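Every value quoted in this text rests on a predicted model; they were computed, and no experiment measured them.
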Amino acid sequence: MNLKSGKASLLDSGEDFEMLDDDEIDDDPPPLEDAGGGKKTKKEPAEDQDASPSSLVDEWMDILGNGQLRKKVLRAGNGPDSRPTKGQNVVIHLKTSLADGTLIEEQPELSFTLGDGDVIQALDLTVQLMEMGETALVQADAKYAYGALGSLAPEVLPSADLALEVQLLDATEAPDLELLSPQERVALAGQKRERGNVYYQRGDYAFAVNSYGFALQITESSSKVDISLEEEEDLMDIKVKCLNNMAAAQLKLDHYEAALRSCVSVLVHQPDNIKALFRKGKVLALQGEYADAIRNLKMALKLEPSNKTIHSELSKLVKKHSEQKDAEQAMYKKMLGNPGSGGMQKHQARSSWGVSWKWLFGATAVAIGGVALSVVIAARN
């Protein structure tokens with residue numbers, strides 16, 4: 001079940017550096033490994049008339065304890081030991097319906113890696129609680145389905161709650177990345193990257209970073225299979241795109257240090273990568289490093305002089321840098337005092353002392369003269 005968005009991807013799309021709007025995203029759900037042991041709620045009228053009469057069947061499990069994601073067993077499976085684990089590849093038969101029962105889509109054999117975010121959260125969270133061969137009904141709030149944006153394929157309206165009928169058909173260990181052929185690694189990494197792009201377009205930036213991370217693991221894993229130079233370049237191309245897109249998502253999350261590391265990693269492989277230079281400049285500016293930010297944007301502009309987005313960002317940074325320097329100079333003057341007024345005060349002080357000393361010398365001379373005159377008169381007498 002691939003999430004789609006009506007917007008064309010702005011990631012790695014050429015010269016367009018525009019970002020999507022900064023929308024608030026929901027809090028991350030609990031880690032998948034902590035999702036088990038949910039509360040069982042009071043029995044409700046069952047939608048399925050053919051359910052088994054056992055005590056396990058007919059009861060709703062509140063998986064997250066908030067009433068927004070519930071699971072009911074319609075047909076029991078092969079026991080708790082047959083449950084799949086995170087990281088395995090699973091195959092399910094899926095029927096997706098609206099809450100009122102309107103069928104949207106049926107997929108006889110949907111395969112995905114459990115816990116990698118390849119599907120909507122409702123499936124990632126519930127399938128790992130299912131037994132092999134089990135059939136379950138899942139009621140999912142829109143938050144754990146297609147959210148406030150809805151979906152184009154399958155066609156789901158915004159904020160629509162879903163009813164999912166799921167049958168667990170198979171679970172196998174994920175393939176050893178070292179034994180995959182280069183073509184298989186390129187295809188698998190590409191799928192994870194595209195999934196990350198879907199999350200980015202929907203504003204789920206944390207999930208986007210997660211998907212890009214899985215793609216990077218695939219591109220960076222060692223290989224025991226011969227690989228040609230062209231195949232290495234294909235893997236490197238996906239790696240660079242993932243790092244660039246990851247930096248964009250990390251910027252949206254205000255994870256500036258992480259975004260900076262992603263940009264630097266791109267520039268290690270491609271020093272003239274315009275997007276990495278641009279985003280590195282934005283990160284540095286957000287950290288107050290205007291001089292370094294301006295230098296990176298000038299490098300990007302030199303590579304693509306006609307890019308209006310870089311021009312605009314550079315102009316804003318130059319202005320901010322100038323204002324910062326003016327503010328610093330004003331602060332230093334305030335700390336050290338005004339040299340001009342200080343000099344004048346010292347001159348005035350010296351002048352006043354000069355007048356005082358002149359008066360004192362004059363008075364002293366008059367006094368000495370008077371004493372001398374008195375001595376002469378006394379001598380004559």
Side-chain angles (χ1 to χ4, degrees), residues 1-5 23-39 41 60-72 83-99 104-105 107 110-130 134 136-168 171 191-215 249 252-253:
M1 176 184 295
N2 293 326
L3 292 177
K4 299 289 184 181
S5 171
D23 297 323
E24 291 293 330
I25 59 176
D26 293 321
D27 294 336
D28 295 341
L32 297 183
E33 59 268 23
D34 297 331
K39 299 187 299 183
T41 60
W60 284 100
M61 174 182 287
D62 188 350
I63 294 176
L64 299 176
N66 59 8
Q68 295 179 336
L69 184 62
R70 303 190 305 160
K71 169 182 172 289
K72 178 198 283 189
R83 289 177 178 176
T85 58
K86 186 177 180 180
Q88 286 187 317
N89 290 339
V90 297
V91 181
I92 63 173
H93 183 163
L94 176 66
K95 292 181 182 179
T96 303
S97 304
L98 296 177
I104 298 174
E105 182 181 45
Q107 296 168 279
L110 173 64
S111 61
F112 60 93
T113 303
L114 192 60
D116 275 15
D118 296 342
V119 291
I120 59 175
Q121 292 183 64
L123 289 175
D124 244 345
L125 290 165
T126 56
V127 169
Q128 62 181 297
L129 301 177
M130 295 179 64
E134 175 186 328
L137 181 64
V138 177
Q139 291 185 346
D141 184 86
K143 176 178 180 178
Y144 301 105
Y146 294 97
L149 295 180
S151 171
L152 293 179
E155 188 173 351
V156 178
L157 294 176
S159 303
D161 298 341
L162 296 182
L164 311 172
E165 185 177 313
V166 186
Q167 181 183 7
L168 180 57
Q191 291 174 8
K192 302 294 185 184
R193 183 180 75 88
E194 286 299 326
R195 183 64 181 177
N197 289 353
V198 171
Y199 278 127
Y200 184 95
Q201 292 168 346
R202 298 180 65 84
D204 293 330
Y205 303 118
F207 288 105
V209 170
N210 189 56
S211 293
Y212 295 140
F214 284 122
K252 292 290 189 180
L253 294 169

Query raised in the report: Side-chain donor-acceptor pair under 3.5 Å between Asp161 and Tyr144, yes or no?
Result: no

Query raised in the report: If we only count heavy atoms from C-beta on, is the Met61 to Leu129 side-chain gap below 4.5 Å?
Result: yes

Query raised in the report: Does Asp62 reach the main-chain N or O of Arg70 with its side chain, forming a donor-acceptor pair under 3.5 Å?
Result: no

Query raised in the report: In Å, rounded to the nearest 0.5 Å, how long is the span from CG of Leu110 to CG of Leu94?
Result: 6.0 Å

Query raised in the report: Can the positive tip of Arg195 be found less than 6.0 Å from the middle of the six-membered ring of Tyr199, inside 45° of the ring normal?
Result: yes

Report task. Rounded to the nearest 0.5 Å, what's the gap from CZ on Phe214 to CG on Asp118? Could you check? Result -> 8.0 Å

Query - Minimum-distance pair of heavy atoms, taken over all atoms of Ala140 and Ala122 - result: CB-CB, 3.7 Å

Report task. Tell me, with the steps shown, if Leu157 and Leu98 meet side chain to side chain contact (heavy atoms under 4.5 Å, CB included). Result -> CA-CA 10 Å; Leu157 294 176; Leu98 296 177; over 6 Å; no

Query - Pairwise side-chain contact, Tyr200 with Val209, heavy-atom cut-off 4.5 Å (strictly under) - result: no

Report task. Give a yes or no answer on whether the side chain of Gln68 reaches the backbone of Leu64 with a donor-acceptor pair at less than 3.5 Å. Result -> no

Requested in this report: Output, in order, the C-alpha distance, side-chain angles, deciding distance and verdict of side chain to side chain contact (heavy atoms under 4.5 Å, CB included) for Arg193 and Asn197.
Outcome: CA-CA 6 Å; Arg193 183 180 75 88; Asn197 289 353; 3.5 Å; yes

Report summary line: One should read off an interatomic distance between Gln167 CD and His93 NE2, to the nearest 0.5 angstrom, of 7.5 Å

Query raised in the report: How far apart are the closest heavy atoms of Gly196 and Ala208, and which atoms are they?
Result: O-CB, 3.4 Å

Query raised in the report: Which heavy atom of Pro84 sits nearest a heavy atom of Leu168, and at what distance?
Result: CD-CD2, 3.6 Å

**Report entry** Donor-acceptor contact present, side-chain Asp141 to main-chain Lys143, <3.5 Å
**Finding:** yes

Query - Side chain to side chain, Pro154 and Tyr146, heavy atoms closer than 4.5 Å - result: yes

Query raised in the report: Can you find a heavy atom in the side chain of Leu137 that is under 4.5 Å from one in the side chain of Trp60?
Result: yes

Query raised in the report: Taking C-beta and beyond as the side chain, do Glu105 and Gln107 meet within less than 4.5 Å on heavy atoms?
Result: yes

Query raised in the report: Can Glu134 and Lys71 be counted as an ion pair, charged N to O under 4.0 angstrom?
Result: yes

**Report entry** Any side-chain heavy-atom pair of Leu123 and Leu114 under 4.5 Å
**Finding:** no

Requested in this report: Run the numbers on Phe207 and Arg202 for side chain to side chain contact (heavy atoms under 4.5 Å, CB included), then give the verdict.
Outcome: CA-CA 10 Å; Phe207 288 105; Arg202 298 180 65 84; over 6 Å; no

Query raised in the report: Looking at Ala171 and Val90, what are the two nearest heavy atoms and their distance?
Result: CB-CG1, 4.0 Å

Query raised in the report: Do the non-hydrogen side-chain atoms of Tyr212 and Lys192 ever get within less than 4.5 Å of each other?
Result: no

Query raised in the report: Of all heavy-atom pairs between Asp124 and Gly117, which one has the smallest distance, and what is that distance?
Result: OD2-N, 3.1 Å

Query raised in the report: Is there a donor-acceptor pair under 3.5 Å between the side chain of Gln88 and the backbone N or O of Thr85?
Result: yes

Query raised in the report: Backbone N or O of Asp116 within a donor-acceptor pair of the Thr113 side chain at under 3.5 Å?
Result: no

Query raised in the report: Are the side chains of Ser111 and Val91 in touch, meaning some heavy atoms are under 4.5 Å apart?
Result: yes

